[in-house]
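Heads up: the structure comes next, in structure tokens.
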Number of protein chains: 2
Amino acid sequence: MSCEKLLRDYLRKRGLRLTHQRELVLSVLHELEAPATAEEIFARVRTRSQNVDISTVYRTLELFQELRLVSGFDAGDGIRRYEHLGVAAPHHHLVCQTCGKSLSVPLAELASLTAYLAETYHFTTDPGGLTLSGVCATCQKA
Amino acid sequence: MSCEKLLRDYLRKRGLRLTHQRELVLSVLHELEAPATAEEIFARVRTRSQNVDISTVYRTLELFQELRLVSGFDAGDGIRRYEHLGVAAPHHHLVCQTCGKSLSVPLAELASLTAYLAETYHFTTDPGGLTLSGVCATCQKA
DNA sequence: TTTCTTATTGCAAATAGTTGCAACAAGGAG
DNA sequence: CTCCTTGTTGCAACTATTTGCAATAAGAAA
């Protein structure tokens with residue numbers, strides 16, 4: 001099942017509408033090869049439709065996060081970045097606070113962590129995955 | 001050793017200055033009984049010194065985070081909150097995205113996680129502790 | 001096809017946080 | 001004590017993101 005169908009189904013299920021702007025943002029997200037800021041996504045949307053507003057892009061990204069189509073995280077510079085999940089499973093992010101790079105960790109690899117927190121603190125971690133801050137191998141050597 | 005001495009030592013070691021504003025912010029942080037926003041901290045500072053600027057408060061909190069005197073996290077509403085660490089050890093935060101409450105987890109309890117990530121991904125997690133998003137026991141029942 | 005409901009949007013204003021820079025002040029040297 | 005260096009600050013401008021609201025448009029029903 002494609003992202004478009006996923007989107008249509010998610011929206012219908014929640015009584016939400018499939019708008020031209022939402023289709024556009026999803027299409028742009030498909031083109032991304034790396035996580036992008038809202039501003040970068042907005043710029044690409046604007047090359048295809050002059051009238052879309054930045055606040056619409058922010059609202060759409062927020063919605064897509066709720067629908068697990070997108071994963072958002074702060075790369076350490078205060079600017080949120082968004083990554084297309086599409087039909088891929090959500091995953092955890094290891095985000096380097098120096099260079100901003102994000103490493104993916106499958107949810108299953110940290111299953112014992114989430115189980116421990118559920119058992120000990122009755123805390124259910126975000127099913128969309130966690131964002132863990134630190135420093136990557138490359139930046140540790142610097 | 002008190003926070004004030006810690007602060008003085010940290011600053012001296014890095015060639016930084018001990019200013020009246022920094023002492024004030026630290027003093028206000030001592031008074032906090034729960035994590036507070038920068039605006040809340042600023043308001044308290046203003047009751048004691050009319051001339052301190054909000055940008056100075058932000059800068060000071062940023063510095064205190066680097067010095068491990070303060071821990072900052074986003075409680076899910078987009079507004080950063082700061083918690084006084086003082087002489088207490090840094091710890092992880094379990095932050096409920098519904099009510100904003102933060103649960104503390106000693107660093108030692110997640111030592112196997114940090115070891116695993118270091119071994120498998122060569123990723124060094126933030127020594128100041130991680131912020132894990134999810135939902136607390138109370139909000140799960142809602 | 002038309003009509004109606006209501007979710008969504010664009011716009012401007014607002015909020016939270018950051019930055020550039022001239023003026024200020026902490027603190028070391030003499 | 002004075003003088004000097006330079007880290008720090010207040011201020012205004014800026015950036016990233018959010019919000020209120022009237023206008024728009026998606027889509028269901030007839």
Side-chain angles (χ1 to χ4, degrees), chain A residues 4 7-26 28 35-46 48-67 70 72-82 97 100 131, chain B residues 4 7-26 28 35-46 48-67 69-82 97 100 131:
Chain A
E4 287 73 16
L7 179 59
R8 187 188 305 277
D9 286 354
Y10 281 139
L11 291 175
R12 190 189 303 275
K13 184 181 296 178
R14 290 169 59 143
L16 306 176
R17 297 181 186 177
L18 178 60
T19 65
H20 177 249
Q21 293 89 337
R22 287 173 175 169
E23 287 184 309
L24 241 187
V25 170
L26 185 61
V28 159
T37 64
E39 187 61 43
E40 289 164 348
I41 293 164
F42 175 57
R44 283 174 176 257
V45 165
R46 293 280 275 200
R48 290 159 62 179
S49 181
Q50 285 301 324
N51 281 334
V52 179
D53 197 74
I54 182 79
S55 61
T56 297
V57 174
Y58 274 101
R59 286 181 176 124
T60 304
L61 290 169
E62 187 71 22
L63 174 66
F64 285 2
Q65 273 190 283
E66 288 173 32
L67 301 179
V70 144
F73 60 92
D74 180 329
D77 61 359
I79 308 177
R80 209 172 297 161
R81 280 168 179 75
Y82 301 86
Q97 300 300 294
T131 301
Chain B
E4 286 74 15
L7 179 60
R8 186 189 306 275
D9 285 354
Y10 282 138
L11 293 174
R12 189 189 303 275
K13 182 182 295 179
R14 291 169 60 142
L16 305 177
R17 301 195 181 162
L18 179 60
T19 65
H20 176 248
Q21 292 91 336
R22 287 173 175 169
E23 288 185 307
L24 242 186
V25 170
L26 186 60
V28 158
T37 66
E39 189 61 44
E40 288 164 348
I41 292 164
F42 175 56
R44 284 174 176 256
V45 164
R46 294 279 275 200
R48 289 158 63 177
S49 181
Q50 285 299 324
N51 281 333
V52 178
D53 197 73
I54 183 78
S55 62
T56 296
V57 174
Y58 274 102
R59 287 182 175 121
T60 304
L61 290 169
E62 187 71 23
L63 173 66
F64 285 2
Q65 272 189 285
E66 288 173 32
L67 300 180
L69 289 170
V70 144
S71 179
F73 59 92
D74 180 328
D77 61 359
I79 308 178
R80 210 172 295 162
R81 279 169 179 74
Y82 302 87
Q97 299 302 293
T131 300

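Owing to the predicted nature of the structure, the values given are computational and were not obtained by experimental measurement. Within every chain, numbering begins at 1; the chains are lettered A, B, ... in the order of the sequence lines, protein sequences first and strands thereafter.
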Using whole Å, report how far CZ of B/Phe64 lies from C1' of D/dT8. 13 Å
Under 4.0 Å between any heavy atoms, over every strand shown, what does A/Thr37 touch: base, sugar-phosphate, or nothing? Just pick one. nothing
Closest-nucleotide ordering on DNA chain D, the 5'-leading residue of B/Arg46 and A/Ala38: B/Arg46
Where A/Leu24 and A/Ser49 come nearest, the two heavy atoms and their spacing: CD1-CB, 3.3 Å
Identify every side-chain donor-acceptor pair in residues 10-22 of chain B under 3.5 Å, counting partners at least two apart or on other chains, and give the distances.
residue: B/Arg14; atom: NH2; partner: B/Glu66; partner atom: OE1; Å: 3.0
residue: B/Thr19; atom: OG1; partner: B/Arg22; partner atom: N; Å: 3.2
residue: B/Arg22; atom: NH1; partner: B/Arg17; partner atom: O; Å: 2.6

List the residues meeting side-chain hydrogen bond (donor to acceptor under 3.5 Å, both in side chains) with B/Gln97, not counting sequence neighbours, and say none if there are none. B/Ser133
For B/Arg8, does the CZ atom have more than 12 heavy-atom neighbours from other residues, nucleotides or ligands under 6.0 Å away? no
Looking at every non-hydrogen atom in both residues, tell me the closest pair between A/Leu61 and A/Val70 and how far apart they are. O-CG1, 4.3 Å
Reckon B/Arg59 touches a base, only the sugar-phosphate, or nothing at all at heavy-atom distances under 4.0 Å? base
Sorted by position of nearest nucleotide on DNA chain C, 5' first, the leading residue of A/Leu11 and B/Tyr58 is A/Leu11
The contact string for nucleotides 22-30 of chain D, one letter per nucleotide 5' to 3', using protein heavy atoms under 4.0 Å with B, S and - for base, sugar-phosphate only and none, comes out as ---BBS---
So, with a heavy-atom separation below 4.0 Å from DNA chain D, the residues of residues 73-81 of chain A are A/Ile79, A/Arg80
Footprint ends on DNA chain C, 5' to 3', for atoms under 4.0 angstrom from a heavy atom of chain B, come out as C/dA16 to C/dG27
Any B/Thr56 side-chain heavy atom under 4.5 Å of B/Phe42 side chain: no
Closest non-hydrogen contact found for B/Gly72 with B/Thr131 is O-OG1, 4.3 Å
With sequence neighbours left out, what residues match A/Arg59 under side-chain contact (heavy atoms from CB on, under 4.5 Å)? A/Ser55
Which residues share a salt bridge (Lys or Arg N to Asp or Glu O under 4.0 Å) with B/Arg80, sequence neighbours left out: none
Residues which pass side-chain contact (heavy atoms from CB on, under 4.5 Å) with B/Arg81, listed by chain and number, not counting sequence neighbours: B/Pro35, B/Thr37, B/Phe73, B/Ala75, B/Asp77, B/Ile79
